[in-house]
Amino acid sequence: MSTNKFKHHSLHLWPIIISALTLACFFASSAWMLTILILATAAAIAIYAPLCWNHYFPNRRSVGEHIDRILSMGMWSQIIMLVVFCLLTIGIGWIIVDKCDISLWTEDNASPLQSVVYYFFDPGNLSNEVNGAISSQLTSLIISSIGMVLLGGLLISTISNIIERRVQHITEGSVTYKSLTNHYVIIGAGEITSSLIDKLLNEPGGHKILVLTEKDVPPLRAQIHSHGKRHQQKVIFYQGNIESKSQIERLNLNKAYEVFIVGEDEGYSRDTKNLNSAKMAGEVFEETKDSDSRRMLQLNVLFDRYPSFSTIQRLNFPNNYFGKSIYFHPFNFQENWARLMWGFTSRNEQTYSRLDFIPLDENKHVHLVIVGFNRTGLALMLEALRICHYPSYNPNNPASRTKITIVDKEFGDFSDYYHSQYPYIDSIEDIDVEYRTDDFCSPQMRQYISQLATDRSVALTIAICLQDADLSLAIGINMPECVYYQPKPGTTENLDKNLLPRVLIRQEVEVGLQSIVDKDEGHYLNVRVFGMLSECFNRDIFDDFLPRLLHADYSANGLIDRLYSTVKPEPDDSLTLEQRQKNFISTLEAEQQHWLTDWNRQKENMRWANRYAIDIYPLIKNMETPLDSDGNPIVDEKYCSMEHRRWMAERYVFGFRQAKPGEKRNNEFFVHNCLIPFDELSDSEKKKDKSILLMPKMVAIKEFFDSLPETEKNRLLHS
């Protein structure tokens, strides 16, 4: 007979065996015989039940699988299993002792249940049963033995298993901390995550950082925690799918301070995944936040590829696409760097020279040479198109036009794609862009660079943006000598650094040779490395206070002047700081509709228009603008004209075109009727360009705002 047939036929014998044992219990003539029969019946049932389950329910989880599942689950499952076994043992022992009238020794003549409990928890009582009846000795031995196994063996192993599994879950990132609050959330462990963590830990408030990643957590934790004790105390890792709603629900978004979605390392559809994660994060926040809360959660989302980022900037998301309480802020690594070097966020930086934000006359112009037209090169060019506009420009003098030269041997391969993405760049009035497919190291290009470097009418910047960081460094420090050294006539002393070309070299990390070159103040005085992963994050990049303020001033004409009057100290110091803060807050709250609500309803391309408008501040700061007796700048049309050209360039980069005769403005299809020379604008439109003269006041307002208590700032920004 086969094994399977034997098992099948044996199933029919077990009911007979169990029935016989049960019947025998009723006719047992002695206590010890009853004890043996009860234990035998229990053992028979324990054997028979799994066999029946596995036979009649072959597709369901087996008893063994159930037990294994309990052992592999959390601590509560294991504790419950242990408690059930203990209660069963005590219950069966109580029935035997009580029904069979077995007398177990106890000092205080305890009840049968108490006696069983004493022997179960304290096997030492066995020594008192030496002279007792055989039934008492046998019963106490069985109860005490089971107690020793369950409490001495299973309990210890359960506790040990619980601790081991807890440590394992923590190590793997599967533990969820539901009490976490006021924390930063980073979704994804990409190349900038480590740098982002370093910067966030330096933020005021002492916020913890929660990282959700699909990667293996132990090596990632070891890498981050190696940075210091603070990283060990403040950074928590979860492991899970960054596109899974159930995983995002673990992040306590309703209590989070701010969210950054950076995705995993570069891979297929990374930007799409980040957008999906943002959508789910918005849904989770809306579902879990307090119904009466007016707080908004800022969601900063990385778009790794520049075409994706440009598309996101141009898209008009449906209202409340991410949720009515989500403040969506897309960003791009390469653009961050371009704005960090030349835009508003560089205002306090000494590392990178201004992109020639110096007074220029009509016979001198800015010239930017970009070597390597990859994502970094494109970002630098687009930022230059937005900010390289100067009051010295004369439409009748070609020498006053800004020039940008792109040098890339392979530019022809993607020229059509590039021009289809940015079809109106050639419409920018005061900037010429040329494209060269020469080898930058060729004699012809070296001669060309030498001519530019020694031309006193050219303010030259050369940006080496090759994908190979080592090759970028080698080329950047081996250009013609006149790029680095031009002696003053009759001396060996080098020219003033502001007269020499500036050289920027893309790198990924600032270590070794490149860090030495970057800090060299002799031969490589004007050479700087940029693009490092460790320096890509700057809080000002994600701070929209000034763009909001600029937009609000358009909506509520004169808001900046009204706020500035509350910020500017009185000559006689008649108001205390607290009084000025109250006046400032009340003025801002009175404009809540324009300051916050209107901004949150704006389309992405309009938000970015205000963000890019702020980037020209370094130039405004260095302009010698005449002031009237009240300290207000005197309106000079050349500055307003410059601002209009900057605005037109920014709109052309976005993809706007000039309206045709008889055609009306259409923001949905990027058609604008003000993309015309400043002189042809109506007086009402010309007034809008005067906002450029308000930037110093705006910066003063921002500095005053930063002095407010943190809770007050959060309320004004996110409620």
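Index from 1, following the sequence.
Salt-bridge formation is detected for the pair R506/E508: a Lys NZ or Arg NE/NH1/NH2 atom is positioned less than 4.0 Å from an Asp or Glu carboxylate oxygen. Salt bridge annotation for R607-D544: absent, with no cationic side-chain nitrogen under 4.0 angstrom from a carboxylate oxygen. Salt-bridge formation is not detected for the pair R611/E335: no Lys NZ or Arg NE/NH1/NH2 atom is positioned less than 4.0 Å from an Asp or Glu carboxylate oxygen. The existence of a salt bridge linking K279 and E283 is confirmed by a sub-4.0 Å separation between a basic side-chain nitrogen and an acidic carboxylate oxygen.
Between Y321 and F328, the distance from one ring center to the other does not fall under 6.0 angstrom.
Heavy-atom contacts from other residues, nucleotides or ligands closer than 6.0 Å to NZ of K603 number more than 12. Crowding of K713 atom NZ: a count of heavy atoms from other residues, nucleotides or ligands under 6.0 Å exceeding 12.
The main-chain N or O of F303 is never found under 3.5 Å from a side-chain atom of S308 such that the two would form a donor-acceptor pair. Although no hydrogens or angles enter the test, the distance criterion places no donor-acceptor pair under 3.5 Å between the side chain of Q313 and the main chain of N605. Looking only at distances, a side-chain donor or acceptor of D271 sits under 3.5 Å from a matching main-chain atom of D304. Of the possible donor and acceptor atoms, one in the side chain of R580 sits under 3.5 Å from a partner among the backbone N and O of V567. No donor-acceptor pair under 3.5 Å is formed between the side chain of E214 and the backbone N or O of E264. Checking side-chain atoms of E286 against main-chain N and O of S325 turns up a donor-acceptor pair under 3.5 Å. A donor-acceptor pair under 3.5 Å links the side-chain atoms of W337 to the main chain of M532, judged by distance alone. The backbone N or O of V301 lies less than 3.5 Å from no partner atom in the side chain of N274, so there is not a single donor-acceptor pair.
Expressed to the nearest 0.5 Å, how far NE2 of H329 lies from CG of N300 amounts to 6.5 Å.
Using modelled atom types and a 3.5 Å distance limit, the side chains of Q247 and N241 yield no donor-acceptor pair.
Contact check for V371 versus I475: no side-chain heavy atoms found under the 4.5 Å cut-off. Side-chain atoms of F704 and L577, non-hydrogen and from C-beta on, do get closer than 4.5 Å to each other.
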Q.
Walk me through whether D290 and R295 qualify under salt bridge (Lys or Arg N to Asp or Glu O under 4.0 Å).
A. CA-CA 9 Å; D290 295 336; R295 186 177 78 92; over 6 Å; no
